[in-house]
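Numbers here simply count residues along the sequence, with the first being 1. Computed from a predicted structure; not experimentally measured.
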Amino acid sequence: MEYLNELNDAQKEAVLHQDGPLLIVAGAGAGKTKTVTHRILHLIKSGVTPGNILAVTFTNKAAKEMSERLQKLLNTEPRSAYAGEAQPFTSTFHSLAVHILRQHAHTLGFTRFFTILDREGSLSKIKQAMDKAGIDRKQFEPKKILSSISAAKSKGQSGQSYRLNVSGYWQEVVGEVWENYARILRAENSMDFDDLLLLTVLLLSEHDQIRAMYQDRFRYLHIDEYQDTNQVQYEMTRLLCGPADNICVVGDVDQSIYSWRGADYTNLLRFEEDHPKAKVVLLEQNYRSTQNILTAANAVIEKNVNRRDKKLFTQNGAGDKIRLDSFLDEGTESRAIADRAKQLVQNGQKAEEMAVLYRANFQSRALEEAFLKAGVSYQVLGVRFFERKEIKDILAYMQAALNDTDFDSLKRIINVPKRGIGKATLTKMAAGAEGDLPRATKEKIEAFRRLLERIRTKIETETMAATVKFILAESGLEKELLGEGEEGLERLENIKELVTLSQKYAHLEGAEAVLALLTEAALVSDQDTLNEKQNGVKLMTVHAAKGLEFDVVFVAGLEQGLFPHQGFGEKDRDEEEERRLFYVAVTRARTKLFLSYAQLRTIFGSQQVNTPSEFLMDIPDELLDSDVDPAAPTYEYLLDF
């Protein structure tokens, strides 16, 4: 069993545990994928048929990586009885659900050729369902109804069970729409993304023979990132687990950062209650980072209460100290990060092995600008600032106000937010046939043109910051976004960052300022398109960085209220999840970690005096290379800056 020689003692203990439940608490960078793939190899070499092994993870990327690593392991072993047999089934939860549903769709009243709707398709069906129920789409936002249905499905609720427990008029509306929505999908042989899991649970729970068949087929279950499972994924796992209870789950509560998606880390914490005979193995040896980085991570995360205690350690050596810097404002911070990245590249560091992490998407704007000016190639994971829909919408309002022949800009925002001006109307407008439109439609168009005229007056007489605020309020966008939950609030933050950016052109008068901004937006987009073809420093949110690692990591914007994030309109924030987010950010770094904060940050056009993040105070002083004391009070002169 030479394949065991490359494992540490804890990994080996997990690999050699064959029958019965197993909980692997795998710290960041502790080699969990290696452990799971070697465990599967060991099961096969011990006589388990490969086709009886199931490995489930959350992303296609992770599933593909596990499959490839497993295939490589199997191919390097001498050919034996298992060669040529069915391979272990590796997939995501949704892929597994589709696999099961294709085989048994008729049992649920579908055919195996059912259509899987994307969000746009689902939203279209929701609108149909609302129309069928006579529910006004202006009074009740279809996206909000779809989000409510999706959230309920992630908790394992069906439309019928939801309607039995409604409390309040909103839930009554959602329940009625849901009933019509389900009828439409069934009539059209379609399922939405949430149905894939929910209907699989329904199939397995209500049909004993089918459940027994899959329990017999998948005799050894492996569930990765178990802390990220929601209620319906938890139930699906429970139903697949047969009487032998041969289930291995891998996870780390300290890396649970998706509660807003419905993830429930308590699924991991209560695994031993669900499986009393479970063996628990802690993987604490980290193969990624230096000890200084891990000691800092340990010091921060140990303050959380809802977790299993563990301390990451490594044999990689102490490494460099963690650099902590304080900057006057976000512009200075961004330029310093870009300059340091440039210097590291000049000294031989690969740009693609560096990342800048931040808590909120709007922070990317200042960073992108700094990297462009420094001439350092970069990539933004996620949507670039000027390509975000809400930013394009605001720019289109200004463009349409300035140029009344720009029909594309007008077409983009004439119904954003909804004004009851549809495609047929736009077709007639484009053909110059507005005279043929009904009177009510003409009045809507005239009201919109009056809005554009008022925007033009603002552009010509006031600052661009005032113009953006005016568009946000008078167009109805602000009201709409405030009603779209977490997603809407983040989009609103991005628009407020545009207000901050607009102050850059305060020295220009009237339309010149707007034209300068529109020009910059167009040029930056072109530059970004070129950067997509190059390797460069990665700019991304901490959420997007989950599962990734880099030689060098910068964590920017470590200010109280931003990271930890106070939220925007939130009543409360999950303090432990914010701490877990910081833990994830820190543990992405292999060798160098740079932390920074701005004493002043401009948000929605107003400068705010910041205090350093509380997380910085948790890092022992001896680990830091810094000229600043995060615990020191903010200098008084900043208050009048």
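No donor-acceptor pair under 3.5 Å is formed between the side chain of Asn304 and the backbone N or O of Asn306. Counting only distance, with no hydrogens or angles, the side chain of Arg601 and the backbone of Asn610 share no donor-acceptor pair below 3.5 Å. Looking only at distances, no side-chain donor or acceptor of His222 sits under 3.5 Å from a matching main-chain atom of Cys248. At least one donor-acceptor pair under 3.5 Å links the side chain of His565 to the backbone N or O of Leu562. Side-chain atoms of Arg39 never come within 3.5 Å of backbone atoms of Val15 as a donor-acceptor pair (strictly under, hydrogens ignored). Side-chain atoms of Asp320 do not come within 3.5 Å of backbone N or O of Lys592 as any donor-acceptor pair.
Atom NE2 in His543 sits 5.5 Å away from atom CZ in Arg359 (nearest 0.5 Å). From Leu268, atom CG reaches atom OG of Ser256 across 8.5 Å, with rounding to the nearest 0.5 Å. Arg219 CZ to Asp245 CG: the interatomic distance, rounded to the nearest 0.5 Å, is 15.0 Å. We find the CG-CD distance between Leu581 and Glu576 to be 12.5 Å, quoted to the nearest 0.5 Å. Atom-to-atom distance recorded for Leu481:CG and Glu490:CD is 11.5 Å, nearest 0.5 angstrom. Taking CG from Leu41 and CG from Leu4, the interatomic distance works out to 8.5 Å, rounded to the nearest 0.5 Å.
The shortest distance between side-chain heavy atoms of Glu225 and Lys32 falls below 4.5 Å. You'll find the side chain of Val553 stays beyond 4.5 Å of the side chain of Met354, heavy atoms only. Proximity of Glu13 to Leu7: side-chain heavy atoms (C-beta onward) are nowhere separated by under 4.5 Å. In this structure, the side chains of Asn230 and Phe93 stay at 4.5 Å or more apart for every pair of heavy atoms. At least one side-chain heavy atom of Gln233 sits under 4.5 Å from a side-chain heavy atom of Leu197. Contact annotation: the side chain of Gln349 approaches that of Asp551 to within less than 4.5 Å [non-hydrogen atoms, C-beta and beyond]. Val253 has its side chain within reach of Leu269: a pair of non-hydrogen atoms, C-beta onward, lies under 4.5 Å apart. Counting heavy atoms from C-beta on, the side chains of Phe554 and Leu593 never come closer than 4.5 Å.
For the pair Arg340 and Asp325, the salt-bridge criterion is met [side-chain N within less than 4.0 Å of a carboxylate O]. Taking the charged nitrogens against the carboxylate oxygens, Asp618 and Lys303 do have a contact shorter than 4.0 Å, which makes a salt bridge. Using a cut-off of 4.0 Å between Lys/Arg side-chain N and Asp/Glu carboxylate O, Glu497 and Arg365 are scored as salt-bridged. Salt bridge status for Arg491 with Glu484: present, with a side-chain N to carboxylate O gap under 4.0 Å. By the 4.0 Å N-to-carboxylate-O rule, Glu65 lies close enough to Arg69 to be salt-bridged with it. One finds no salt bridge joining Lys538 and Glu352 here, because no Lys/Arg side-chain nitrogen approaches an Asp/Glu carboxylate oxygen to under 4.0 Å. By the 4.0 Å N-to-carboxylate-O rule, Arg307 lies too far from Asp252 to be salt-bridged with it. Under 4.0 Å is where a charged nitrogen must lie from a carboxylate oxygen, and between Arg590 and Glu549 at least one such pair does. Between Arg579 and Asp254, no side-chain nitrogen of the basic residue sits less than 4.0 Å from a carboxylate oxygen of the acidic one, so the salt-bridge criterion is not met.
Heavy atoms of other residues, nucleotides or ligands lying less than 6.0 angstrom from NZ of Lys34 number more than 12. Around CD of Gln160, the count of heavy atoms belonging to other residues, nucleotides or ligands within 6.0 Å does not exceed 12. Within 6.0 Å of NZ in Lys64 there are 12 or fewer heavy atoms belonging to other residues, nucleotides or ligands. Shown here is Glu622, whose CD atom has more than 12 heavy atoms of other residues, nucleotides or ligands within 6.0 Å. When the shell of 6.0 Å around CZ of Phe193 is examined, it contains 12 or fewer heavy atoms from other residues, nucleotides or ligands. The number of heavy atoms from other shown groups lying within 6.0 Å of CG (Asp9) does not exceed 12.
Ring-centre distance between Phe327 and Tyr597: not below the 6.0 Å cut-off.
By the 30° and 60° cut-offs, the orientation of the rings of Phe615 relative to Phe563 is perpendicular. Using the six-membered ring where Trp is involved, Tyr226 and Phe271 have ring planes that are perpendicular, over 60° apart on the 30 and 60° scheme.
Side-chain contact of Thr332 with Asp329: a donor-acceptor pair under 3.5 Å is present, judged by distance alone. Side-chain contact, Gln608 with Thr602: no donor N or O sits under 3.5 Å from an acceptor N or O. Side-chain contact annotation: Ser147 with Ser150, donor-acceptor N/O pair under 3.5 Å absent. Counting only N and O atoms by type, the side chains of Gln560 and Glu614 include a donor and acceptor under 3.5 Å apart. A donor-acceptor pair shorter than 3.5 Å can be found between the side chains of Ser259 and Glu577. Side-chain contact annotation: Thr290 with Asn316, donor-acceptor N/O pair under 3.5 Å absent. A donor-acceptor contact under 3.5 angstrom links the side chains of Asp224 and Thr57, judged on distance only.
Geometric assessment of Arg270 against the ring of Tyr234 yields a positive cation-pi assignment under the 6.0 Å and 45° thresholds. Relative to the six-membered ring of Tyr265, Arg580 meets both conditions, a distance below 6.0 Å and an angle of at most 45° to the axis.
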From CA spacing to verdict: salt bridge (charged side-chain N to carboxylate O under 4.0 Å, His left out), Asp228, Lys546: CA-CA 12 Å; Asp228 291 335; Lys546 176 80 182 295; 3.3 Å; yes

Audit row: Lys311, Glu302, salt bridge (charged side-chain N to carboxylate O under 4.0 Å, His left out) steps and yes/no: CA-CA 9 Å; Lys311 288 191 182 296; Glu302 68 182 10; 3.0 Å; yes

Verdict with reasoning, Ser154 to Gln231, per side chain to side chain donor-acceptor pair (under 3.5 Å): CA-CA 6 Å; Ser154 73; Gln231 186 58 38; over 6 Å; no

Trace of the side chain to side chain donor-acceptor pair (under 3.5 Å) decision for Thr314 with Gln291: CA-CA 6 Å; Thr314 186; Gln291 188 59 57; 5.6 Å; no

Chi angles and distances behind the side chain to side chain contact (heavy atoms under 4.5 Å, CB included) call for Val586, Ile293: CA-CA 7 Å; Val586 167; Ile293 292 171; 3.8 Å; yes

Stepwise side chain to side chain donor-acceptor pair (under 3.5 Å) test for Glu390 and Asn494: CA-CA 8 Å; Glu390 59 274 16; Asn494 289 333; 2.8 Å; yes

Intermediate values then yes/no, side chain to side chain contact (heavy atoms under 4.5 Å, CB included), Leu70 and Ser67: CA-CA 5 Å; Leu70 188 55; Ser67 180; 5.8 Å; no

